[in-house]
Amino acid sequence: MQANHESLIDVVLDTAKTPPAETKSQEKITYENNKLHKRLCRLVGQAIGDFNMIEDGDKVMVCLSGGKDSYALLDILMTLRERAPIHFDIVAVNLDQKQPNFPADILPAYLEKLGIPYHIENQDTYSIVKRLIPEGKTTCSLCSRLRRGILYRVADELGANKIALGHHRDDILETFFLNMFFGGKLKGMPAKLQSDDGKHIVIRPMAYVKEADTQRYAEVKQFPIIPCDLCGSQENLQRKQIKGLMREWDKKFPGRVDNIFSALSTVAPSHLMDKDLFNFKDLKIDGEARPDGDIAFDEEPCSTPTTGVISLHLDQD
């Protein structure tokens with residue numbers, strides 16, 4: 001009887017030592033969520049440092065659309081502001097374009113809860129876009145141009161010298177491929193640029209962040225997402241194609257998309273064909289080895305790969 005009693009005590013003690021499966025699962029989720037937050041902070045901080053996006057005394061206007069990316073941008077910048085060795089101010093700005101069924105109360109309520117300065121700009125660009133763009137055509141391009149001009153003016157009025165946008169790594173790559181495939185240009189979204197009016201610096205602090213991470217972060221933080229289809233416009237089909245292509249590459253050939261993104265910051269103008277970017281006409285024989293000459297071919301990038309082979313389909317005569 002005594003032995004049975006001791007056995008029962010052992011079972012109780014073992015149960016107390018071993019957390020239930022639900023607890024273990026929750027601990028793992030918490031660990032992964034913390035890891036995600038640290039990764040986002042590190043990548044955003046790295047981009048800010050690499051491009052000197054934010055300096056002491058800056059006033060940063062964070063453009064908040066109600067989508068996952070701009071919510072994540074604001075959240076991470078607020079975290080970094082608390083840790084940064086410099087002082088900078090943040091003001092959140094939303095442009096209410098008077099789209100039908102737009103829930104105008106969501107963003108003010110969210111920002112009030114955060115206790116951060118914000119401004120809601122009310123401008124009926126929806127009516128302008130609908131009047132000028134034929135039914136069934138994509139409205140995003142005109143909408144973007146109108147929005148940009150308004151945001152520049154608002155930045156002036158608020159005294160903001162930096163305008164922060166929530167574009168991430170995938171947005172930059174998609175824009176690069178869109179310009180190359182459909183526009184005949186090697187052009188993407190820079191991490192930092194001067195605004196059209198020359199009065200502000202536009203920054204993209206999430207330039208190194210993958211969209212999958214912003215998607216998961218939005219779910220973790222339970223951001224009150226406002227969909228971007230309120231105006232009834234169709235998604236840009238060309239961008240949709242590019243997004244699908246990148247998703248397929250990422251799945252079948254891990255690392256390929258990362259390499260393409262890395263290539264955007266590792267450019268050899270002497271090995272392209274832009275006559276304005278590199279002075280081909282005045283190249284002379286001077287008897288000296290040049291780092292941007294044929295020596296660049298010494299590091300052969302086209303050795304036969306074992307994985308990720310791109311299949312080319314050529315028409316046969």
Side-chain angles (χ1 to χ4, degrees), residues 37-95 107 111 114 116-119 121 143-176 178-179 187-211 213-214 217-218 223 228 261-262 264-267:
H37 182 252
K38 288 179 180 178
R39 180 164 66 250
L40 291 179
C41 287
R42 176 176 54 80
L43 291 172
V44 171
Q46 183 182 344
I48 290 173
D50 285 351
F51 295 92
N52 193 29
M53 293 184 187
I54 299 177
E55 300 172 87
D56 190 47
D58 279 348
K59 186 170 186 178
V60 182
M61 185 177 95
V62 179
C63 299
L64 197 64
S65 66
K68 66 183 190 316
D69 305 322
S70 59
Y71 274 124
L73 172 63
L74 177 62
D75 188 272
I76 297 300
L77 282 182
M78 289 177 66
T79 299
L80 294 179
R81 183 182 59 173
E82 298 302 316
R83 304 173 180 175
I86 61 172
H87 171 80
F88 64 93
D89 293 316
I90 295 175
V91 56
V93 170
N94 169 253
L95 173 58
L107 282 171
L111 295 169
L114 287 182
I116 188 169
Y118 71 92
H119 171 75
E121 179 70 14
C143 183
S144 177
R145 289 198 299 274
L146 292 172
R147 187 169 62 243
R148 186 164 63 242
I150 293 169
L151 290 174
Y152 289 165
R153 173 181 58 76
V154 172
D156 266 341
E157 294 172 357
L158 295 176
N161 63 321
K162 300 287 176 68
I163 300 174
L165 305 178
H167 297 121
H168 44 64
R169 186 202 70 164
D170 297 58
D171 289 323
I172 292 171
L173 282 171
E174 288 164 17
T175 301
F176 170 73
L178 282 169
N179 281 315
K187 176 183 173 184
M189 281 180 176
K192 179 182 180 182
L193 75 157
Q194 189 181 63
S195 61
D196 294 350
D197 60 9
K199 298 178 181 178
H200 312 92
I201 296 295
V202 177
I203 58 176
R204 295 183 170 95
M206 295 213 300
Y208 294 160
V209 175
K210 297 180 180 181
E211 183 176 17
D213 279 347
T214 66
Y217 194 65
F223 294 136
C228 190
F261 184 72
S262 177
L264 294 182
S265 57
T266 315
V267 180

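As the structure is a prediction and not an experimental result, all values here were calculated from the model.
Residues V60 and I163 are not in side-chain contact: their nearest non-hydrogen atoms beyond the backbone lie 4.5 Å or more apart. Within the 4.5 Å cutoff, the side chain of E121 has no heavy atoms near those of the N94 side chain. Between E55 and K162 there is a side-chain heavy-atom pair separated by less than 4.5 Å. Side-chain contact between N161 and F88: absent, with no pair of heavy atoms (C-beta onward) separated by less than 4.5 Å. Side chains of I201 and S195 form no contact here, defined as non-hydrogen atoms less than 4.5 Å apart. Side chains of L40 and M206 form no contact here, defined as non-hydrogen atoms less than 4.5 Å apart.
Side-chain N or O atoms of K192 include one that pairs as donor or acceptor with a backbone N or O of N52 at under 3.5 Å. Not a single donor-acceptor pair under 3.5 Å links the side chain of D213 to the backbone N or O of V209. Put simply, the side chain of D56 never gets that close to the backbone of I86: no donor and acceptor are under 3.5 Å apart.
Between K210 and D170 no salt bridge is recorded (no basic side-chain N to carboxylate O distance below 4.0 Å). Salt-bridge annotation for K59 and D89: absent, with no side-chain N of the basic residue lying under 4.0 Å from a carboxylate O of the acidic one.
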Start with the C-alpha distance between R204 and M189, add both sets of side-chain angles, then the distance that settles side-chain contact (heavy atoms from CB on, under 4.5 Å), and finish with yes or no. CA-CA 9 Å; R204 295 183 170 95; M189 281 180 176; 3.8 Å; yes
Steps toward side-chain contact (heavy atoms from CB on, under 4.5 Å) verdict (Q194, H200): CA-CA 6 Å; Q194 189 181 63; H200 312 92; over 6 Å; no
Report the C-alpha separation of Y217 and D75 in whole Å, then their side-chain angles, then the decisive distance to 0.1 Å, and conclude whether the side-chain contact (heavy atoms from CB on, under 4.5 Å) test is met. CA-CA 10 Å; Y217 194 65; D75 188 272; 2.5 Å; yes
Working for side-chain contact (heavy atoms from CB on, under 4.5 Å), residues V93 and L64: CA-CA 6 Å; V93 170; L64 197 64; over 6 Å; no
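One distance of note links CD1 of I76 with SG of C41; it measures 4.0 Å at 0.5 Å rounding. Note: I150 CD1 to R148 CZ = 11.5 Å, rounded to the nearest 0.5 Å. The structure places CD1 of I48 at 4.0 Å from CD1 of I54, a figure rounded to the nearest 0.5 Å. Atoms CG and CG, from D69 and L74 in turn, are 13.0 Å apart once rounded to the nearest 0.5 Å. Distance CZ/F176 to CG/L178: 11.0 Å, rounded to 0.5 Å. Atom-to-atom distance recorded for L173:CG and H167:NE2 is 13.5 Å, nearest 0.5 angstrom.
K68 and A218 make their closest contact through CB-CB, 3.7 Å (heavy atoms, listed as atom of the first residue, atom of the second, distance). Counting all heavy atoms, side chain and backbone alike, L80 lies closest to G45 at CD1-N, 3.9 Å. Across every non-hydrogen atom of C63 and L151, the tightest pair is SG-CD1, 3.8 Å.
In this structure, a donor-acceptor pair under 3.5 Å is absent between the side chains of H87 and D58.
Residues satisfying the side-chain hydrogen bond (donor to acceptor under 3.5 Å, both in side chains) test with Y118, not counting sequence neighbours, are E112. Partners of P117 by side-chain contact (heavy atoms from CB on, under 4.5 Å), not counting sequence neighbours, listed by chain and number: V91.
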